[in-house]
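For clarity, every value in this text was computed on a predicted model and none was experimentally measured.
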Amino acid sequence: MGWQMRSRQENGGVMKFTVTHLAAIAVACSAVPAAATGAVAATKNATKDATQPPPRPITAASANGSHDLNGVWARYPAPWPTYSADFDDVPPPDLGPDLVEPYAKQWKEQRIKRRQALAAGTPLLDPSTLCLPEGMPTVMQAIYPIQILQTPGQITVLAELFMQTRRIYMDAEMPPVDDLAPSYYGFSSGHWEGDTLVVKTRGVKTDVQFFEIPHSEAMEITERYQLADGGKKLYLDISIEDPVYLRTPYQFRWVYERTPGYRIPEYVCDNLHDVINSDGTVDLKTE
């Protein structure tokens with residue numbers, strides 16, 4: 001799923017969303033104020049247009065071959081221009097995937113339906129409303145910061161949102177697709193190619209979708225991580241391949257900025273205020 005920020009209006013005891021962040025996420029958890037504060041602090045200087053990605057790092061700009069990804073990272077530039085009430089829907093990277101028909105038409109129609117519902121103040125239900133994990137590759141979108149921990153044989157990604165955990169097994173043999181139990185994050189195997197960490201992921205459940213893009217069990221996600229600016233920035237180039245749904249690989253880039261001193265707070269869905277309507281839209285209880 002994608003990400004959207006929210007502003008609210010009182011409406012007879014129920015708040016109607018004019019703009020929403022994952023349709024209901026910011027109010028789904030009691031820890032949101034701390035998380036939102038942290039996200040602001042982590043991205044307050046990132047005001048560039050997020051639709052204009054920075055150039056790729058070059059060898060001379062890398063961290064001298066460093067493999068140290070440890071630390072807390074926030075998206076850079078921020079996925080939205082400013083923290084204000086006039087946020088717009090965060091679009092899919094690079095305007096979306098190159099899907100085969102009839103899926104391309106269906107996906108575009110669903111995007112229009114979701115935008116119209118958002119504009120009407122009645123956002124559509126999505127997995128975040130139910131406090132479900134984001135899965136891959138959405139967890140790496142890092143609307144709220146992520147923490148990377150490197151230990152022998154494993155790289156662990158800890159997301160602030162829902163306190164998600166993703167494991168990347170280093171130099172591990174990729175099991176055949178038929179041997180993988182479908183899961184939110186799939187099975188990830190990583191290795192270093194010089195100063196680039198290459199990670200391949202398979203086995204993501206077909207109902208775990210990124211911006212509602214359909215995929216098959218054969219989907220493979222390839223990530224390439226490279227440090228830049230003396231280790232202060234981290235570049236992630238993603239390529240998603242799927243022989244069933246995609247005509248060409250869906251490729252895009254996210255950039256992160258190291259945020260020393262930031263401590264990821266607890267973020268648990270234990271104080272729900274969402275009202276799920278029979279038509280699949282979402283309201284917010286204010287009583």
Practice task
Taking ring-ring contact (aromatic ring centres under 6.0 Å, His included) as the test, write out the residues that go with Tyr225, two or more places apart.
Solution key: none
Problem - Test item: His215 side-chain N/O and Lys205 main-chain N/O as donor-acceptor pair under 3.5 Å - result: yes
Handout entry: Nearest-0.5 Å distance that lies between atom CG in Leu99 and atom CG in Asp242
Key = 9.0 Å
Practice task
Give the other cluster members for Leu158, using side-chain heavy-atom distances under 4.5 Å between Ile, Leu, Val, Met, Phe, Trp and Tyr residues; answer none if it is isolated.
Solution key: Leu149
Exercise for the section: Measure centre to centre between the rings of Tyr256 and Tyr76, then say whether the value is under 6.0 Å. Expected result: no
Handout entry: Results of side chain to side chain donor-acceptor pair (under 3.5 Å) for Arg167 - residues two or more places apart only
Key = none
Handout entry: Apart from Leu95 itself, residues in the same hydrophobic cluster as defined by side-chain heavy atoms under 4.5 Å
Key = none
Practice task
Considering non-hydrogen atoms only, spot the tightest contact between Pro93 and Tyr250 and give its length.
Solution key: O-OH, 2.6 Å
Practice task
Take the angle between the ring planes of Phe210 and Trp254 and call it parallel below 30°, perpendicular above 60°, tilted in between.
Solution key: perpendicular
Problem - Heavy-atom donor-acceptor pair, Arg224 side chain to Leu197 backbone, under 3.5 Å - result: no
Show me the donor-acceptor pairs, under 3.5 Å and distance only, between side chains in residues 179-186 and residues at least two apart or in other chains.
from: Ser183; atom 1: OG; to: Gly186; atom 2: N; distance (Å): 3.0
from: Tyr185; atom 1: OH; to: Gln164; atom 2: OE1; distance (Å): 3.0

Problem - Name of the residue among Glu220, Glu223, Met219 meeting side chain to side chain contact (heavy atoms under 4.5 Å, CB included) with Ile240 - result: Met219
Exercise for the section: Consider only side-chain N and O atoms of Thr156 and Gln154, and report whether a donor and an acceptor are under 3.5 Å apart. Expected result: yes
Completion exercise
Interatomic distance, CD1@Ile168 vs CZ@Arg166, rounded to 0.5 Å, equals 4.0 Å
Fill in the blank from the handout: Taken in chain and number order and not counting sequence neighbours, the residues that satisfy side chain to side chain donor-acceptor pair (under 3.5 Å) with Asp207 are none
Problem - Sidechain-backbone polar pair: Glu217 side chain, Val204 backbone, donor-acceptor under 3.5 Å - result: no
Handout entry: N/O donor-acceptor pair under 3.5 Å between Asp68 side chain and Asn70 backbone
Key = yes
Practice task
Please name the pair of heavy atoms, one in Pro91 and one in Phe211, separated by the smallest distance, quoted to 0.1 Å.
Solution key: O-CZ, 3.7 Å
Handout entry: Spatial distance of atom CZ (Arg247) from atom CD (Glu101) [nearest 0.5 Å]
Key = 8.5 Å
Exercise for the section: Please state whether the rings of Tyr267 and Tyr144 are parallel, tilted or perpendicular, taking 30° and 60° as the class boundaries. Expected result: tilted
Exercise for the section: Go through the side-chain N and O atoms of Lys200 and Thr222 and say whether any donor and acceptor fall under 3.5 Å apart. Expected result: yes
